[in-house]
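The structure under discussion appears below in the form of structure tokens.
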Amino acid sequence: MQTVLPYIISGISVGGQYALIAIGYTMVYGILRLINFAHGDVFMVAGLIMVYLAASLPLYVAIPLVILLTVLLGFTIERVAYKPLRTAPRMSVMISAIGVSYLLQNLALYITGGLNKNYPQIPWISDRISILGMETTRVTVITPFLTILLVVLLVLLINHTKIGMAMRAVSLDFEVSQLMGVQINTVISVTFVIGTFLAAVGSILFFTNYPGVVPTSGAMPGLKAFVAAVFGGIGSIPGAVIGAFIIGIAESIIKGLDTILIVNGAITEQIGLATFSDAFTFVLLIIILVFKPTGLFGEKTADKV
Amino acid sequence: MTQKKSKKGAWIALIAVLAWLGLVFALDQLIKPTDKLGMLLIVLQKGSVYALAAVSMNLLNGYTGLFSLGHAGFMLLGAYTYAIFTIPDKNRDTVYQYFHAVVRFSIPEKLSQGMGGFGTALGVLIALLLAGLVAAVMAYLIGLPVLRLKSDYLAIATLGFAEIIRAVFQWSKLGPVTNGSNLLKNFARVSKFKLELGGTKLSLSTFVPVLIATVSITLIVLIVNSTYGRAFKAIRDDEVAAEAMGINLAKHKMLSFVTSSFFAGVAGATLAMVLSIAQANNFKSAMTYEILLMVVLGGIGSITGSVIGSMLFVAASEWWLRGLDSGSFLGIEAPGVFRNGFRLVVFSIIIMIVVLFFRKGIMGEKELPDLFRRKKKAAPAGKEAAE
């Protein structure tokens with residue numbers, strides 16, 4: 001147990017970061033039926049904005065500004081790249097999302113010159129502390145609590161405010177809610193604003209634990225968060241959060257599986273199982289898609305002829 | 001359309017294909033890779049590989065309506081299969097620096113011992129087919145569970161499988177076969193392909209990939225125009241209606257998936273041949289996205305569109321827009337702005353404009369011959385009704 005515990009704790013932390021990204025995917029999918037492939041790259045851009053802003057501004061100005069600019073980016077992407085395609089087939093919108101992702105990555109490549117940009121140290125949260133007899137950073141401990149706090153706030157927003165009611169209506173039936181006088185465009189914009197806000201917070205927590213940001217930093221966390229959303233049942237916020245925690249923990253354990261197995265005496269030498277830490281996420285995805293395509297908490301939708 | 005007319009069309013197409021191959025062969029001799037026009041050869045080589053990849057993806061995404069994003073994975077399988085079976089014996093141990101290679105023979109080399117140059121060519125062909133077959137078999141296995149899924153779920157599941165394949169190929173325990181995460185090199189590659197004819201050596205480095213792509217694309221065209229192709233289109237347009245008409249959905253979807261992956265495997269092998277390296281890390285989902293964007297650029301559901309799209313894509317990103325990376329473009333000198341990576345930014349903006357405002361791409365659902373036909377006579381009514 002003593003060997004597994006550190007991996008579980010770091011897994012919970014990574015899971016919390018994935019959860020914050022996954023909510024953006026699941027909310028957008030719930031309303032637009034769109035896999036927002038650019039979401040992972042927005043997360044990466046948030047990391048880069050932080051790198052550049054923190055170089056010249058004090059952190060207490062930089063952090064709110066990062067969140068603000070990221071939200072603005074998410075809002076702009078929706079208005080420019082998805083709104084004109086509202087009546088187009090779903091495949092076109094998905095392709096547009098892939099196009100935005102390509103653009104953001106290339107833009108980041110151009111601006112950074114492809115170099116690794118060191119993420120700024122944020123005092124207090126990147127301090128090393130010791131918990132349950134092991135060394136870790138404070139952000140690892142804070143992340144799950146912050147995630148749960150934000151999710152509770154979000155669920156309250158969705159269940160108890162007017163805009164939340166509109167969101168639920170739109171995700172239930174796009175056309176009918178339009179007929180009932182719901183301002184579709186406002187609802188969609190708010191969805192993107194919330195999604196990117198959480199991704200920006202997630203990016204600050206995520207990159208603090210990593211040495212730096214490169215243009216492709218967002219791709220893998222983005223995909224994993226999406227898998228988490230599918231795993232939990234796309235469209236369901238608690239589902240996405242639980243899915244993200246499961247994936248984060250599984251990934252972290254697999255990263256250390258060699259060491260764990262050696263300590264337990266199951267194997268005698270490193271067998272390189274860590275290579276599969278990313279792939280295992282997709283194995284989980286395929287298992288859930290085959291046995292329960294709607295995910296853990298997804299609703300069943302009937303096919304209309 | 002009468003039988004006679006389509007026969008005439010087939011002859012015209014055959015002559016056009018032969019003329020195209022002849023032209024490429026001539027270019028291969030006339031242009032040296034070091035020339036200013038040498039970029040043209042590189043564009044033709046890479047462009048034809050991507051054209052094949054794009055057409056095979058189009059068969060699936062455009063003609064059958066199965067939105068799959070696993071293309072890079074199948075190309076990886078093809079590239080590795082080809083590379084593993086064509087590394088000459090004497091290079092084997094330098095390539096597999098850290099492992100003891102399990103596969104210890106090269107098909108082209110073995111065959112050339114008995115049959116000389118012809119044997120080498122045959123060996124390369126066999127390795128190519130093997131590359132396609134491995135990808136096709138894997139596609140069959142993957143298809144069993146995932147083809148039941150619908151649009152987005154299918155896309156994400158195939159994307160996931162491509163990532164799993166990539167991870168498996170990088171696993172150090174498989175090093176004796178795949179060389180782990182190190183690259184494979186020194187296998188049969190285009191720069192080594194020469195034709196000796198009466199003492200003069202003729203270069204085949206551009207001709208071979210173009211030939212492979214042309215033959216494969218012709219085969220795909222034949223499939224699309226067969227009854228299978230019509231069944232695929234019926235599934236794309238309306239699954240429920242197609243099933244009611246007696247089309248076996250599972251069988252046809254699987255057929256399309258396996259065929260598409262076969263050609264993706266061949267494309268991957270050809271890519272390895274052109275780049276003269278194979279490394280799992282190059283076959284990321286970004287590669288699938290690029291191929292998808294080529295298909296979109298050319299027009300989803302048009303084969304000539306995909307070819308034009310990928311040729312333009314490669315030409316623009318490798319050649320025409322180069323100046324954007326190196327300081328001056330169209331006579332504008334701005335080293336501060338036109339630095340490394342600017343080309344790709346401009347390029348992605350162009351693609352976004354196509355995606356947003358010219359959703360049908362260059363060709364829409366039309367083929368090149370349709371454009372000529374239209375001048376004489378209005379397009380056949382069935383074509384319009386199908387949309």
Side-chain angles (χ1 to χ4, degrees), chain A residues 29 33-35 37 80-81 84-85 88-114 215-216 219-220 223 226-227 230 234 270-273 275-287 289-291 293-294 303-305, chain B residues 61 65 67 69 142 144-146 148-157 159-168 170-175 180-181 238-241 284-286 288-290 292-293 295-296 300 339-349 351-357 359:
Chain A
Y29 192 91
R33 297 280 175 269
L34 157 75
I35 303 178
F37 278 100
V80 174
L85 300 176
R90 268 163 69 189
M91 196 144 114
S92 304
V93 196
M94 193 141 82
I95 290 166
S96 180
I98 290 177
V100 173
S101 152
Y102 191 67
L103 175 65
L104 288 179
Q105 280 191 21
N106 284 334
L107 208 58
L109 192 70
Y110 171 63
I111 290 169
T112 61
T216 50
M220 214 15 109
L223 273 178
F226 178 73
V227 172
V230 175
I234 197 135
Q270 298 273 331
I271 52 170
L273 288 176
T275 323
F276 295 107
S277 65
D278 290 346
F280 184 74
T281 311
F282 297 103
V283 174
L284 270 183
L285 168 79
I286 285 153
I287 293 173
L289 282 182
V290 169
F291 292 104
T294 47
D303 238 3
K304 284 176 220 148
V305 177
Chain B
N61 291 5
F67 199 72
L69 292 177
I142 292 173
L144 287 177
V146 303
R148 294 190 292 162
L149 304 169
K150 291 262 152 59
S151 58
D152 317 325
Y153 289 105
L154 176 68
I156 202 77
L159 188 78
F161 262 116
E163 290 293 326
I164 294 171
I165 292 174
R166 192 163 65 87
V168 169
Q170 286 177 314
W171 190 28
S172 56
K173 281 283 144 185
L174 281 178
S181 53
D238 193 330
E239 236 174 66
V240 180
K284 288 189 175 159
S285 46
T288 310
Y289 296 161
E290 275 191 356
L292 178 69
L293 292 175
V295 175
V296 172
I300 297 177
R339 61 190 161 79
N340 241 349
F342 192 61
R343 165 179 63 110
L344 286 172
V345 173
V346 171
F347 193 53
S348 15
I349 291 171
I351 285 182
M352 274 318 288
I353 291 171
V354 171
V355 169
L356 287 178
F357 302 111
R359 228 180 298 154

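Each chain gets a letter, A, B and so on, in the order the sequences are listed, and its residues count up from 1. All figures in this text were calculated on a predicted structure; none of them were measured in a lab.
- Neither the backbone nor the side chain of B:Ala241 comes within contact range of chain A; no heavy atom of the residue lies under 4.5 Å from a heavy atom of that chain.
- Using a 4.5 Å cut-off between heavy atoms, B:Leu292 touches chain A through its side chain atoms alone.
- Ranked by heavy-atom pairs shorter than 4.5 Å toward chain B, the options A:Thr281, A:Leu285, A:Ile95 are led by A:Ile95.
- Using cut-offs of 30° and 60° on the angle between ring planes, the pair B:Phe342 and A:Tyr110 is tilted.
- Contact annotation for B:Ile165: neither backbone nor side-chain heavy atoms come within less than 4.5 Å of a heavy atom of chain A.
- At a threshold of 4.5 Å between non-hydrogen side-chain atoms, the residues A:Val227 and A:Phe282 count as touching.
- Contacts between A:Leu103 and chain B at a heavy-atom distance below 4.5 Å involve backbone atoms as well as side-chain atoms.
- Both the backbone and the side chain of A:Val283 come within contact range of chain B, judged by heavy atoms closer than 4.5 Å.
- Here the CG atom belonging to A:Leu104 is positioned 12.5 Å from the CG atom belonging to A:Leu109, to the nearest 0.5 angstrom.
- Most heavy-atom pairs under 4.5 Å with chain B: of the set A:Val230, A:Leu223, A:Asp278, this distinction falls to A:Leu223.
- Taking B:Val296, B:Ile164, B:Leu159 one by one and counting their heavy-atom pairs under 4.5 Å with chain A, the maximum is reached by B:Ile164.
- Proximity to chain A is limited to the side chain of B:Leu149, based on heavy atoms less than 4.5 angstrom apart.
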From CA spacing to verdict: side-chain contact (heavy atoms from CB on, under 4.5 Å), A:Ile35, A:Phe226: CA-CA 8 Å; A:Ile35 303 178; A:Phe226 178 73; 3.5 Å; yes
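- Both the backbone and the side chain of B:Val168 come within contact range of chain A, each with at least one heavy atom under 4.5 Å from a heavy atom of that chain.
- Residues B:Leu69 and B:Ile156 form no side-chain contact, since every pair of their non-hydrogen atoms from C-beta on lies 4.5 Å or further apart.
- A distance of 9.5 Å separates CZ in A:Phe276 from CD in B:Gln170, rounded to the nearest 0.5 Å.
- Both the backbone and the side chain of B:Phe161 come within contact range of chain A, with heavy atoms under 4.5 Å apart.
- In this structure, the separation between CD1 on B:Ile351 and CG on B:Leu356 is 12.0 Å, given to the nearest 0.5 Å.
- Interface residue A:Ala81: backbone and side-chain heavy atoms are both found under 4.5 Å from chain B.
- There is no contact between A:Phe280 and chain B, counting heavy-atom distances below 4.5 Å.
- Of the two parts of A:Leu85, only the side chain, counted from C-beta on, holds a non-hydrogen atom closer than 4.5 Å to a non-hydrogen atom of chain B.
- Within the 3.5 Å criterion, the main-chain N or O of B:Leu344 finds a donor-acceptor partner in the side chain of B:Ser348.
- Taking 4.5 Å as the limit, every side-chain heavy atom of A:Tyr102 sits out of range of all side-chain heavy atoms of B:Met352.
- Side-chain contact between A:Met91 and B:Ile300 is present, with at least one heavy-atom pair separated by less than 4.5 Å.
- Per-residue counts of heavy-atom pairs under 4.5 Å with chain B were compared for A:Val290, A:Ile286, A:Ile111; the largest is that of A:Ile286.
- Heavy atoms closer than 4.5 Å to chain B are found in both the backbone and the side chain of A:Leu107.
- A:Ile98 contributes atom CD1, which lies 4.5 Å from atom CZ of A:Phe37 (distance to the nearest 0.5 angstrom).
- When each of B:Arg166, B:Lys284, B:Glu290 is checked for heavy-atom pairs under 4.5 Å with chain A, B:Glu290 comes out on top.
- Between chain B and the options A:Ser96, A:Gly113, A:Ser277, A:Ser101, heavy-atom pairs under 4.5 Å are most frequent for A:Ser96.
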